[in-house]
Amino acid sequence: MADKNYTMEQEAIKQHIQLWLNRPIESGAVRELLNSSVAMASDVGNIRPENQDRVVCVQVQVSAAKSFIIGVLCDGMGGMASGADCASLSIASFLTSCIKNQLMPIGERLITAAEDANNDVYSQYSGNGGATLSAFILDSEGQFEAINVGDSRIYANLSHGIKQYSIDDTFAGQNADAAGVHLSKGLLQFIGVGADLKPQLVKFPKIRQIKRLILTSDGAHYIEASTFKQILNQRFSAAELCTRIIDVSKWCGGYDNTSILIANDVLKIFANTEETAIPIGTVKLTDAFGEIHFIGVTALDTLDPIVRI
């Protein structure tokens, strides 16, 4: 009976997150957290009638000294069934899995979470709906890993400027450095594809030299490559950089939804834990439009969520 209740509580958390992500939202917004070291933005653009992107940052306080954050961006696939709902379900399932399996090594946890999200979306849409996924986990002990599925992207600023480290799951993306170049949406894999999914961890040559980490949906990839990199190389706050990318993507036509998450000084995020800590056992989920807290969720014995907009 305990295992059954545990599973039911996981499903309740997943449903809470999915419903929250599907709430009515504005056409665009920017939000920052963790002493402004992390910011995210999302905008519907100039053409699309609906924003099918979802981008969130989650802070989990395991104990007084131990915590971790999860950043995740999903782009619902246009032209397929319920793109926005697929993106919300992908994130809800991914986050629930990451929290449930928090004792796993980070890389294994990310792969398991991507597989769990893929199974959930496939079981509901049978391959006729899906989403991209770009995500990372960083913990207070300095451990960091990232994963990518589809053609949303992960960039980082190391010693030589901005570079794309994820590889687009498209025919073109497998054969080119596509930073700042918009490629065809003919995806080789995506969350919801079914048994063929083979998620890969993103390889960074020198993790401890990452100055800035960036997740983007493909609305940002209409920006010309040198302009894209020039914007993100500037010494501005994460929120200001998010705003500039959204603005420029709209000036370039705003053909698609644009979402972005930026983390500055990645390995210093937990330097001032007294300022960023939340109550033990709490999960704080933030997107560009608001935040929600789950109490006791690290043990998956959730109480009513607290929502702040």
Side-chain angles (χ1 to χ4, degrees), residues 2-17 20-21 31-40 55-72 91-117 135-147 201 204 207-208 210 213 215 238 261-287 290-308:
D3 289 343
K4 182 178 179 180
N5 289 339
Y6 187 79
T7 301
M8 289 174 64
E9 287 156 358
Q10 292 176 49
E11 288 301 314
I13 293 166
K14 190 187 306 179
Q15 290 171 15
H16 273 306
I17 295 173
W20 185 74
L21 289 172
R31 199 171 188 89
E32 58 186 2
L33 67 154
L34 293 167
N35 289 333
S36 302
S37 58
V38 176
M40 68 205 91
V55 56
V56 303
C57 185
V58 177
Q59 183 180 358
V60 182
Q61 196 71 35
V62 179
S63 67
K66 185 176 180 180
S67 62
F68 62 91
I69 62 171
I70 308 167
V72 55
I91 287 184
S93 179
F94 183 86
L95 293 177
T96 303
S97 179
C98 284
I99 295 167
K100 176 186 71 174
N101 296 312
Q102 62 186 268
L103 298 180
M104 284 184 179
I106 289 179
E108 183 181 345
R109 198 185 330 170
L110 286 170
I111 290 174
T112 299
E115 291 172 343
D116 287 346
F136 67 87
I137 296 178
L138 169 68
D139 70 19
S140 52
E141 297 174 349
Q143 299 180 88
F144 169 81
E145 293 280 1
I147 194 168
L201 297 177
F204 297 94
I207 289 175
R208 297 200 171 274
I210 295 175
L213 185 72
L215 312 184
L261 184 152
I262 296 177
N264 282 336
D265 296 321
V266 173
L267 295 177
K268 296 180 182 178
I269 285 176
F270 293 101
N272 298 312
T273 54
E274 292 183 1
E275 297 180 24
T276 59
I278 55 178
I280 295 171
T282 298
V283 169
K284 177 182 176 183
L285 191 158
T286 305
D287 69 5
E291 65 185 50
I292 183 171
H293 292 218
F294 291 89
I295 309 301
V297 76
T298 55
L300 291 175
D301 54 349
T302 184
L303 303 177
D304 291 336
I306 302 170
V307 181
R308 293 183 174 87

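- The closest side-chain heavy-atom distance from Val55 to Leu215 is not below 4.5 Å.
- Remark: Lys66 NZ to Ser140 OG distance equals 7.5 Å, nearest 0.5 Å.
- Here Glu291 contributes atom CD and Leu33 contributes atom CG; the two are 8.0 Å apart, rounded to the nearest 0.5 Å.
- Residue Ile99 holds its CD1 atom at 8.5 Å from CZ of Phe294, rounded to the nearest 0.5 Å.
- Shown here for Thr282 and His293, the closest heavy-atom pair between the two residues is CG2-ND1, 4.1 Å.
- For the pair Phe136 and Val266, the minimum side-chain heavy-atom distance is 4.5 Å or more.
- A distance of 11.0 Å separates NE2 of His16 from OG1 of Thr96, quoted to the nearest 0.5 Å.
- Ile69 contributes atom CD1, which lies 5.5 Å from atom CG of Leu34 (distance to the nearest 0.5 angstrom).
- Here the closest non-hydrogen pair linking Cys98 and Arg109 is O-CD, 3.1 Å.
- Taking all atoms of both residues into account, the shortest heavy-atom contact from Ser36 to Ala238 is O-CB, 4.1 Å.
- What you find for Glu145 and Gly107 is that their closest heavy atoms are CG-N, 3.8 Å.
- With rounding to the nearest 0.5 Å, the separation of CD1 in Ile106 from CG in Leu201 is 10.5 Å.
- Taking the side chain as every heavy atom from C-beta outward, Thr286 and Val38 never approach each other to under 4.5 Å.
- The two atoms that bring Ser97 and Ala113 nearest to each other are OG-CA, 3.3 Å, heavy atoms only.
- Of all non-hydrogen atoms in Leu261 and Gly71, the two that sit nearest each other are CD1-CA, 4.2 Å.
- Between the side chain of Asn35 and the main chain of Ser37, no donor-acceptor pair closer than 3.5 Å is present.
- Annotation: side chain of Val56 is not in contact with side chain of Phe94 (no heavy-atom distance under 4.5 Å).
- Annotation: side chain of Phe144 is in contact with side chain of Ile210 (closest heavy-atom distance under 4.5 Å).
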